[in-house]
**Student:** 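Structure provided below as structure tokens; questions to follow.
Not measured: the values here are computed from a predicted model.
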Amino acid sequence: MKNKVLYLLVAMTAAFSPSFTQGQAISAKAFFNTDTISAVYLGIDFTLAKLINDPESNPTVIQSQQFNGINYLIITENKKYDIQKAYHRINWIVDTKEVEARNNKANPDQLKSTDDGDLTRLSTTDIDKLVSNFNYGTHKGYGVLLIVEGLDKTKKLATIWFTLINMDAKKVLTTERVDGKLGSGFGFRNYWASAIKKAINEVEDKKYKQWKAAN
């Protein structure tokens with residue numbers, strides 16, 4: 001039922017959102033200078049995530065249920081977790097099918113960690129590799145993908161790479177690690193969604209302006 005609702009939402013959004021203009025040069029500068037350019041929101045990828053200092057958690061349950069549960073929450077409560085607003089997009093298409101498939105194939109045995117360094121272990125090279133191997137289907141133009149790096153229960157912090165993509169070339173246009181401090185929430189999904197919300201707010205309040213100025 002969740003998937004049916006989600007895909008209906010995708011279809012409705014796509015129907016009322018103009019696609020990327022064919023022949024228009026794809027660049028970070030064009031994206032940040034024109035908020036009417038549409039973007040495809042691809043979801044939250046957890047395939048590189050590390051759950052740090054949470055010995056009581058069940059990695060199999062988290063991988064099989066919670067990763068895409070968080071994705072579903074972000075989309076269905078999009079006014080609360082407003083990534084579209086954070087990226088200043090008027091036209092916004094949602095399609096998380098590929099990220100859901102990727103999360104379903106993630107290895108739960110590689111999820112848990114006791115190393116605080118795993119919170120910031122990734123580099124832009126790691127993000128480039130993930131983006132180049134991502135399946136964008138028939139989508140063209142700009143994509144927005146959130147890539148979770150670390151979820152540290154002791155530090156009460158999540159690290160997430162907010163990534164703008166040229167889907168035609170499977171190349172990163174901009175990416176940056178953004179911290180999200182834990183808020184409140186009952187259960188694993190809501191608990192870590194509160195940190196993602198803080199990171200989204202950071203993009204809206206501060207990071208987007210910096211990215212626009214840099215491009």
Side-chain angles (χ1 to χ4, degrees), residues 1-7 9-10 41-78 80-81 83 94-123 125-137 143-163 165 175 177-200:
M1 181 63 184
K2 285 185 177 181
N3 283 341
K4 288 182 179 179
V5 173
L6 177 56
Y7 296 152
L9 175 62
V10 171
Y41 172 60
L42 300 164
I44 305 173
D45 191 300
F46 286 91
T47 58
L48 298 179
K50 290 290 186 182
L51 180 61
I52 306 162
N53 299 321
D54 189 359
E56 296 180 0
S57 64
N58 184 324
T60 300
V61 171
I62 291 169
Q63 178 272 327
S64 63
Q65 299 179 22
Q66 303 297 348
F67 287 165
N68 285 333
I70 291 173
N71 267 293
Y72 182 77
L73 177 69
I74 299 302
I75 293 170
T76 55
E77 298 189 17
N78 60 320
K80 180 178 180 180
Y81 307 93
I83 302 171
V94 176
D95 188 348
T96 62
K97 292 191 295 294
E98 173 61 14
V99 90
E100 288 179 9
R102 288 173 57 84
N103 290 338
N104 283 334
K105 295 176 183 176
N107 186 351
D109 294 334
Q110 296 180 359
L111 177 61
K112 294 176 72 172
S113 169
T114 57
D115 183 356
D116 287 334
D118 281 337
L119 194 61
T120 55
R121 75 192 185 284
L122 298 181
S123 68
T125 301
D126 298 306
I127 305 304
D128 289 339
K129 182 178 180 181
L130 187 152
V131 165
S132 68
N133 290 324
F134 199 94
N135 180 8
Y136 302 96
V144 172
L145 178 66
L146 275 57
I147 301 167
V148 172
E149 180 174 14
L151 306 168
D152 193 320
K153 191 171 183 180
T154 299
K155 292 188 174 182
K156 300 186 182 301
L157 193 69
T159 47
I160 306 153
W161 290 78
F162 282 72
T163 308
I165 299 164
T175 190
R177 177 192 293 119
V178 180
D179 293 348
K181 295 182 179 179
L182 273 170
S184 59
F186 179 77
F188 184 95
R189 185 193 68 168
N190 293 334
Y191 189 66
W192 287 108
S194 71
I196 293 171
K197 183 179 187 299
K198 293 290 181 64
I200 294 169

**Student:** Where do L119 and I52 come nearest, in terms of heavy atoms and distance?
**Tutor:**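 In this case the closest contact between L119 and I52 is N-CD1, 3.5 Å.
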**Student:** Any side-chain heavy atom of Y191 sitting closer than 4.5 Å to one from I70?
**Tutor:**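 No, every pair of side-chain atoms sits at 4.5 Å or beyond.
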**Student:** Backbone N or O of N53 within a donor-acceptor pair of the T114 side chain at under 3.5 Å?
**Tutor:**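 Not a single qualifying donor-acceptor pair exists.
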**Student:** Between L130 and D45, is any pair of side-chain heavy atoms under 4.5 Å apart?
**Tutor:**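 SC-SC contact between L130 and D45 confirmed.
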**Student:** Is there a side-chain contact between I127 and I147, using heavy atoms and a 4.5 Å cut-off?
**Tutor:**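 When only atoms from C-beta onward are counted, I147 and I127 do touch, with a gap below 4.5 Å.
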**Student:** Could you pull out the closest heavy-atom pair between Q66 and R189, with the gap in Å?
**Tutor:**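 Closest approach of Q66 to R189: OE1-CB, 3.4 Å.
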**Student:** So D116 and D152, do their side chains get closer than 4.5 Å, heavy atoms only?
**Tutor:**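 Result yes, sub-4.5 Å side-chain heavy-atom pair found.
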**Student:** Is it true that the side chains of S113 and D115 contain a donor and an acceptor less than 3.5 Å apart?
**Tutor:**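 Checked: S113/D115 side chains show no N/O donor-acceptor pair below 3.5 Å.
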**Student:** Closer than 3.5 angstrom, by distance alone: can the side chain of N71 be matched with the main-chain N or O of I44 as a donor-acceptor pair?
**Tutor:**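 Indeed, once roles are kept as given, a pair shorter than 3.5 Å links the two residues.
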**Student:** Do W192 and V148 touch side chain to side chain, with heavy atoms closer than 4.5 Å?
**Tutor:**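 Result no, sub-4.5 Å side-chain heavy-atom pair not found.
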**Student:** Distance-only, no hydrogens or angles: does the D126 side chain make a donor-acceptor pair with backbone N or O of L122 under 3.5 Å?
**Tutor:**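 Side chain of D126 to backbone of L122, a donor-acceptor pair under 3.5 Å: no, none is there.
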**Student:** Working to the nearest 0.5 Å, report the span between OH of Y81 and NZ of K197.
**Tutor:**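 Between atom OH of Y81 and atom NZ of K197 there are 7.5 Å.
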**Student:** Using the salt bridge (charged side-chain N to carboxylate O under 4.0 Å, His left out) rule, collect all pairs that involve residues 50-62, keeping only residues at least two apart or in two chains.
**Tutor:**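 Pairs touching residues 50-62 that pass the test: D54-K153.
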**Student:** Looking only at heavy atoms, what is the nearest atom pair of L111 and A49, with distance?
**Tutor:**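 Residues L111 and A49, closest heavy atoms: CD1-O, 3.7 Å.
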**Student:** Can you check whether L48's main-chain N or O pairs, donor with acceptor, with E149's side chain at less than 3.5 Å?
**Tutor:**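 No, E149 side chain to L48 backbone: no donor-acceptor pair under 3.5 Å.
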**Student:** Using salt bridge (charged side-chain N to carboxylate O under 4.0 Å, His left out) as the criterion, list what pairs up with D118, not counting sequence neighbours.
**Tutor:**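 D118 satisfies salt bridge (charged side-chain N to carboxylate O under 4.0 Å, His left out) with no residue once adjacent residues are dropped.
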**Student:** If I compare all heavy atoms of L73 with all of A193, which pair ends up nearest, and what's the gap?
**Tutor:**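 In terms of heavy atoms, the two residues are closest at CD2-CB, 3.6 Å.
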**Student:** Side chains of T47 and R102: is there a donor and an acceptor less than 3.5 Å apart?
**Tutor:**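 T47 vs R102: donor-acceptor pair found between side chains.
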**Student:** Could you tell me the separation between the OH atom of Y72 and the OG1 atom of T96, rounded to the nearest 0.5 Å?
**Tutor:**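 Answer rounded to 0.5 Å: 11.0 Å.
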**Student:** Locate the shortest heavy-atom distance separating F162 from I200; write the atom from each residue and the value.
**Tutor:**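 Reported closest heavy-atom pair: CZ-N, 4.0 Å.
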**Student:** Can you find a heavy atom in the side chain of F188 that is under 4.5 Å from one in the side chain of L51?
**Tutor:**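 A side-chain contact under 4.5 Å exists here.
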**Student:** Taking E98 for its side chain and G137 for its backbone only, find out whether a donor-acceptor pair lies under 3.5 Å.
**Tutor:**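 Checking the backbone N and O of G137 against the side chain of E98, no donor-acceptor pair under 3.5 Å is found.
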**Student:** With a 4.5 Å cut-off on side-chain heavy atoms, are F134 and I165 touching?
**Tutor:**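 With C-beta onward as the side chain, the pair stays apart.
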**Student:** Heavy atoms only: give me the nearest A106-P108 pair and the separation to one decimal.
**Tutor:**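 Minimum heavy-atom separation between A106 and P108: O-CD, 3.2 Å.
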**Student:** Rounded to the nearest 0.5 Å, how far does OH of Y41 lie from CG of L145?
**Tutor:**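 Between L145 CG and Y41 OH, I get 8.0 Å after rounding to 0.5 Å.
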**Student:** Out of the candidates N68, N103, I62, only one should pair with F46 under the side-chain contact (heavy atoms from CB on, under 4.5 Å) rule; please name it.
**Tutor:**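 Answer after filtering N68, N103, I62: N103.
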**Student:** R177 and T120: side chain to side chain contact (heavy atoms under 4.5 Å, CB included), yes or no, with the steps?
**Tutor:** CA-CA 8 Å; R177 177 192 293 119; T120 55; 3.8 Å; yes
**Student:** I want to check something: taking the side chain as every heavy atom from C-beta on, are V144 and L42 in contact at a cut-off of under 4.5 Å?
**Tutor:**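 A side-chain contact is absent here, since even the closest heavy-atom pair is not under 4.5 Å.
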